[in-house]
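Bear in mind that the values here come from a model prediction, so they are computed numbers and not experimental data.
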Amino acid sequence: MSSSSAQSVKIVENIQRIRQVIETCCAQYHRDSASVGLLAVSKTRPAEDIRAAFQAGQRSFGENYLQEALEKIQQLDELDIEWHFIGSIQSNKTREIAQHFSWVHSVDRLKIAQRLSSQRPESMPPLNICLQLNVSNESSKAGMSLETLEQIIDEVMELPALNIRGLMAIPAATDSFEQQRSSFAVMHNTLSKLQQSYPQLDTLSMGMSNDIEAAIAEGSTLLRIGSAIFGARNT
Ligand SMILES: *Cc1c(COP(=O)(O)O)cnc(C)c1O
């Protein structure tokens, strides 16, 4: 049944608009728009909003808070949704994350990767993982340093139940296009370097509602868009 509330109509329009923005940016930066995925970040949104986005053809959704996500995963069980965990991860939450998600973007230390691998059910395909990098060098921001990444990457790549796909970052918010772009350039360069040893890495999870163009300019393959699809969050 299709929902026709004003909010649902808005969500469908927003998704169409974002797809248009992606097309325009890809043309400008000489990228194939098929190489830029769109993850709809649905944290704090009701299941109904996710349904509306699904009706517009959206299939991948990102959630930050485990309990909230598990409720929506259950409510939307009949829809063929690919769920991505993008929030900060406490050790005691890894089992349920490993059981209920297809992707985890926010792996910021070796111990979390090891737990996710050992707790991934054998009946499920390997869990897709991005390693979260701190590209703003702010002590308050989540993500590992470049030094830590270099120290742990070989060990992480060996974990049997994980499929390491690439890197994720949440740079410090700024309205400066040049600053946005320079943070994403660090990501781009780091992935290129890792690909010399691990050519299978194919993912740069970067770009949010406010920095889509800079992310596409620097090679994003997976935008994580919340408010530009669902409207401003009241937190
Ligand atoms: C909330 C969130 C987003 C989406 O942010 P918007 O600015 O609403 O597009 C993307 N990534 C992560 C990790 C988030 O927590």
Side-chain angles (χ1 to χ4, degrees), residues 11-42 50 53-63 80-86 101-107 125-136 143 146 149 153 156-157 162-171 177-230:
I11 289 168
V12 173
E13 285 172 1
N14 286 343
I15 288 178
Q16 286 162 352
R17 190 172 39 78
I18 296 285
R19 287 187 186 138
Q20 198 54 57
V21 169
I22 294 171
E23 289 295 334
T24 304
C25 290
C26 283
Q28 188 176 346
Y29 295 98
H30 309 292
R31 299 206 40 208
D32 177 358
S33 58
S35 70
V36 182
L38 176 59
L39 180 68
V41 175
S42 45
I50 297 175
F54 187 89
Q55 281 161 11
Q58 181 65 31
R59 292 292 176 271
S60 305
F61 291 86
E63 290 281 341
D80 185 21
I81 287 176
E82 182 179 81
W83 293 101
H84 294 229
F85 192 82
I86 63 173
F101 289 82
S102 298
W103 282 70
V104 181
H105 293 227
S106 41
V107 175
L127 184 60
N128 295 294
I129 293 288
C130 292
L131 298 172
Q132 184 175 353
L133 261 192
N134 180 345
V135 289
S136 304
L146 286 167
L149 174 68
I153 185 70
V156 172
M157 293 300 298
L162 303 185
N163 185 9
I164 313 301
R165 299 295 297 270
L167 303 174
M168 178 270 218
I170 313 170
F177 179 75
E178 290 313 318
Q179 275 179 43
Q180 292 172 355
R181 208 172 154 164
S182 75
S183 295
F184 292 142
V186 172
M187 293 283 283
H188 190 170
N189 294 336
T190 306
L191 186 74
S192 299
K193 206 167 147 203
L194 291 178
Q195 283 169 330
Q196 291 169 11
S197 305
Y198 301 108
Q200 69 271 38
L201 298 176
D202 61 4
T203 300
L204 280 178
S205 166
M206 60 191 201
M208 310 186 358
S209 296
N210 204 31
D211 50 19
I212 294 175
E213 181 181 345
I216 289 176
E218 291 297 342
S220 172
T221 66
L222 197 43
L223 301 164
R224 307 181 311 269
I225 308 296
S227 48
I229 292 176
F230 298 107

For the residue pair [X] and [Y], what are the closest heavy atoms and their distance?
{"X": "Pro126", "Y": "Leu162", "value": "CB-C, 4.1 Å"}
{"X": "Ile216", "Y": "Ile22", "value": "CD1-CA, 4.1 Å"}
{"X": "Gly207", "Y": "Ala215", "value": "CA-CB, 3.4 Å"}
{"X": "Ser33", "Y": "Cys26", "value": "CA-SG, 3.6 Å"}
{"X": "Trp103", "Y": "Cys130", "value": "CZ3-SG, 3.9 Å"}
{"X": "Ser205", "Y": "Arg224", "value": "O-NH1, 2.8 Å"}

For [Y], is there any backbone N or O sitting under 3.5 Å from a side-chain donor or acceptor partner on [X]?
{"X": "Thr203", "Y": "Gly166", "answer": "no"}
{"X": "Thr221", "Y": "Val36", "answer": "no"}
{"X": "Ser220", "Y": "Met206", "answer": "yes"}
{"X": "Gln132", "Y": "Leu167", "answer": "no"}

Sorted by chain and residue number, the side chain to side chain donor-acceptor pair (under 3.5 Å) partners of Glu13 (sequence neighbours excluded) come out as none
In the structure I gave you, are the side-chain heavy atoms of [X] and [Y] within less than 4.5 Å of one another anywhere?
{"X": "Phe101", "Y": "His84", "answer": "no"}
{"X": "Glu63", "Y": "Trp83", "answer": "yes"}
{"X": "Ser192", "Y": "His188", "answer": "yes"}
{"X": "Leu38", "Y": "Ile18", "answer": "yes"}
{"X": "Met208", "Y": "Leu223", "answer": "no"}
{"X": "Ile225", "Y": "Asn14", "answer": "no"}
{"X": "Gln180", "Y": "Glu178", "answer": "no"}
{"X": "Ile11", "Y": "Phe230", "answer": "yes"}

Quick note, salt bridge (Lys or Arg N to Asp or Glu O under 4.0 Å) partners involving residues 193-222, not counting sequence neighbours, are Glu150-Lys193, Arg165-Asp202, Arg181-Glu218
Quick one: which residue pairs count as a salt bridge (Lys or Arg N to Asp or Glu O under 4.0 Å) with a foot in residues 14-33, not counting sequence neighbours?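 As it turns out, there is no salt bridge (Lys or Arg N to Asp or Glu O under 4.0 Å) pair with a partner in residues 14-33 once direct neighbours are skipped.
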Say you draw a straight line from [atom1] of [X] to [atom2] of [Y]; how long is it, rounded to the nearest 0.5 Å?
{"X": "Ser102", "Y": "Asn163", "atom1": "OG", "atom2": "CG", "result": "11.5 Å"}
{"X": "Phe61", "Y": "Glu82", "atom1": "CZ", "atom2": "CD", "result": "11.0 Å"}
{"X": "Ile164", "Y": "Leu194", "atom1": "CD1", "atom2": "CG", "result": "11.0 Å"}
{"X": "Ile50", "Y": "Gln58", "atom1": "CD1", "atom2": "CD", "result": "10.5 Å"}
{"X": "Ile153", "Y": "Ser197", "atom1": "CD1", "atom2": "OG", "result": "8.5 Å"}
{"X": "Ile170", "Y": "Ser106", "atom1": "CD1", "atom2": "OG", "result": "8.0 Å"}

Under the criterion side chain to side chain contact (heavy atoms under 4.5 Å, CB included), I'd like the reasoning laid out for Met187 against Val135: C-alpha separation, chi angles, the key distance, then a yes or no.
CA-CA 7 Å; Met187 293 283 283; Val135 289; 3.8 Å; yes
